[in-house]
Amino acid sequence: FACKKAIGKDWGLKARTTFWIYNAIVLPKISYGAAAWGMTPNKAQRDKLLSLQNQILKTALRSASSAPRIANSIISNSLPLDLYIKQKCLSRCSSLIAENHWTLTTHTHRKTKFRTHMEVADGELRRILGKLYLEISDKIRPILNIDQKYTTRITQRKKFQVSTKENTIQIYTDGSKDAEENTGYGYHIIFNNSGYSEIGSLRNFNSVFQAEAHAITASALKLLSWNTENQNIIFYSDSQASIKSLQKTKITSETIKKCNNTLNKLATKNNKITIKWIPGHSDYDGNEIADSLAKMGSHSDNQHKHIKIPHKSIISKLKNYYNEAHINRWQINNLHYDCSYPLNCLLKKCNFNLPKLSYIILNLPTKSLHILLKIITGHNNLNSHLHRMNMALEPLCEFCDLQNSGIDPIFCPDETAMHIIEDCPDFAIQRIHHFQNFRVTLIEILNSKNPLPTTLRNIIKFFDKSDCFKKFPQFTKPISPRR
């Protein structure tokens, strides 16, 4: 609210800057300690949270004060605060379960029976995750990684060179995941002009990151089984994520923990170990062989089922569930046609990809954003909305002037943004100029060959030049008391 004075309808902080402040400062403050209370807020608390969020969204989007709350949250891709806090609560609870900090408690009072907050959260996790709840997460309690006995290097792509030293064991590792979610790994060992290769598969829910790290672990275990001693060993991996995870002073993944322990054990046999990043798909023979082995490994019968599910898969499952709940809340909300029709057309155009739609809208200039919100929400100074607000005698279109032409008022269209852009005869010339047709539908405009940002800018220019949003209402206050 300190930024509210620095935001106007067509000036001030940009929408993206305001939402950055909202996401970086406001949301962490509100959701603090959500694991202890997020699943059981009462109605009064939910109403206060949603009211607070609505004020922030209206200010950032420059939408009308009467604009629907759910429309603002859809346009800005902001989860309603009650759903956001539940998501944060369950995410933290899943972390506590993975770190063995979760002890389920039940209420045993003899007279009253009610579910504790932990029971509610646990039941919700079981319902949302399904079979994934029974899988043990890869996340572990943070452990210090300060006694490494090997070195890691990530050089610039232009400066990278494969070692040409003699009596050096070179190991190329890689991981792969295909379109059917099959995950595999492979490694290729070269020493004294001889080679050894191995492949294997992981379960479908395992990530490429885990496959890359496991490839390093498996190759190090193979060297241990050969009793490798007093050697210079170089691991080449094209996964910077795996190498950077090994560089961190804290390890939070069991896959990385096992990889780190195996490399340290191999180093205790007087081996000098270096893990280097190698640019992928850059025609290095060893890396290309490892890449082919990893792809073969994704279909291998040698499956390693001991690698646990990555914690990010659980978090992603929770996010997807609450994003769908957000969409469902909008669909069952009884919004006026002036808002539901244009917003539904935009969502279908983006295949209900809210991040994509909000990114396009929030990157518009401030003045353009203000005009677009009037179009999408239907809350503007046209007669249809003013009549609902009891600030106009009739909702009929003044630009058509059909009510003065002797036509029955029943057939006179309402003055809405969709009527003006689609079929109002007074703006036929502007439609021909902008959309190459004197009569067009919003769906036809959005399905044009132009990309969506260009199409939206064209729609905004149409309304900006038509001056239909610049007219003043006939009555600046309600003409009669509301019922």
Side-chain angles (χ1 to χ4, degrees), residues 9-10 50-51 54-55 57-59 61-75 330-347 367-431 438-443 445 456 459-483:
K9 293 296 182 182
D10 53 1
L50 294 176
S51 177
N54 193 36
Q55 291 183 51
L57 297 186
K58 285 190 298 185
T59 303
L61 292 173
R62 276 83 171 175
S63 60
S65 58
S66 58
R69 177 188 299 168
I70 188 65
N72 288 334
S73 65
I74 288 286
I75 292 168
W330 168 73
Q331 290 176 337
I332 64 175
N333 209 298
N334 190 22
L335 292 179
H336 195 274
Y337 180 80
D338 293 351
C339 178
S340 61
Y341 171 68
L343 190 52
N344 192 43
C345 291
L346 283 172
L347 289 173
K367 183 179 178 181
S368 300
L369 178 64
H370 180 47
I371 295 174
L372 184 62
L373 264 292
K374 286 184 175 182
I375 302 168
I376 296 176
T377 62
H379 286 240
N380 43 51
N381 52 349
L382 299 179
N383 282 347
S384 178
H385 174 65
L386 294 178
H387 182 68
R388 293 198 302 273
M389 299 293 291
N390 211 9
M391 296 173 66
L393 294 174
E394 296 288 346
L396 307 180
C397 179
E398 295 178 359
F399 301 102
C400 292
D401 201 27
L402 294 180
Q403 60 268 42
N404 297 327
S405 61
I407 300 177
D408 192 335
I410 296 176
F411 301 103
C412 293
D414 289 351
E415 189 178 85
T416 65
M418 292 300 100
H419 164 63
I420 288 174
I421 197 173
E422 291 184 346
D423 53 17
C424 183
D426 196 49
F427 299 98
I429 296 176
Q430 288 92 324
R431 276 195 295 275
F438 71 94
R439 189 169 184 174
V440 67
T441 63
L442 181 62
I443 296 175
I445 296 172
L456 289 179
I459 293 173
I460 292 167
K461 285 181 181 179
F462 170 84
F463 278 95
D464 189 30
K465 292 185 177 181
S466 68
D467 293 335
C468 61
F469 287 152
K470 295 180 181 179
K471 70 168 191 169
F472 290 97
Q474 185 178 0
F475 303 97
T476 57
K477 295 182 180 180
I479 55 180
S480 63
R482 292 188 180 181
R483 295 180 180 178

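Hydrogens, waters and symmetry mates play no part in the numbers below; they use all other heavy atoms, side chains included.
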Got [X] and [Y] here, is their nearest side-chain heavy-atom distance under 4.5 Å?
X    : Y    : answer
N344 : W330 : yes
L369 : L373 : yes
E415 : C424 : no
I375 : I421 : no

* Asked: Looking only at heavy atoms, what is the nearest atom pair of I443 and C345, with distance?
  ->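 It is CG1-SG, 3.6 Å.
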* Can you name the nearest heavy-atom pair linking N381 to C468, along with the distance? ->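 Minimum heavy-atom contact is OD1-O, 4.1 Å.
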* Asked: Just by distance, do the side chain of R439 and the backbone of A428 share a donor-acceptor pair under 3.5 Å?
  ->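 Checking the backbone N and O of A428 against the side chain of R439, no donor-acceptor pair under 3.5 Å is found.
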Determine all donor-acceptor pairs shorter than 3.5 Å in which one atom belongs to a side chain in residues 65-75; sequence neighbours excluded.
residue : atom : partner : partner atom : Å
S66     : OG   : H379    : ND1          : 2.7
N72     : OD1  : S63     : OG           : 3.3
S73     : OG   : I70     : O            : 2.8
S73     : OG   : H326    : NE2          : 3.0

* Kindly state each residue pair satisfying side-chain hydrogen bond (donor to acceptor under 3.5 Å, both in side chains) with at least one member in residues 420-429, sequence neighbours excluded. =>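 Those involving residues 420-429 are Y341-E422, H419-D423.
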Just verifying a value: how many Å separate [X] [atom1] and [Y] [atom2], rounded to the nearest 0.5 Å?
X    : Y    : atom1 : atom2 : answer
D464 : K367 : CG    : NZ    : 4.5 Å
M418 : I376 : CE    : CD1   : 8.5 Å
C400 : I420 : SG    : CD1   : 8.5 Å
F462 : I371 : CZ    : CD1   : 12.0 Å

* **Contacts of type side-chain contact (heavy atoms from CB on, under 4.5 Å), residue Q331, not counting sequence neighbours** =>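 side-chain contact (heavy atoms from CB on, under 4.5 Å) check on Q331 returns I327, N328, F352.
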* side-chain contact (heavy atoms from CB on, under 4.5 Å) involving N380 - partner list, sequence neighbours excluded ->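 For N380 the side-chain contact (heavy atoms from CB on, under 4.5 Å) partners, ignoring immediate neighbours, are K374, L382, H385, A417, F469.
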* Restricting to pairs with a member in residues 330-343, which pass salt bridge (Lys or Arg N to Asp or Glu O under 4.0 Å), not counting sequence neighbours? ->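 Of all non-adjacent pairs touching residues 330-343, those that pass salt bridge (Lys or Arg N to Asp or Glu O under 4.0 Å) are D338-R388.
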* Asked: Does atom NZ of K58 have more than 12 heavy-atom neighbours, drawn from other residues, nucleotides or ligands, at distances under 6.0 Å?
  ->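 More than 12 within 6.0 Å, yes.
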* **Partners meeting side chain to side chain donor-acceptor pair (under 3.5 Å) with D467 (sequence neighbours left out)** =>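 For D467, the residues satisfying side chain to side chain donor-acceptor pair (under 3.5 Å) (neighbours in sequence not counted) are K470.
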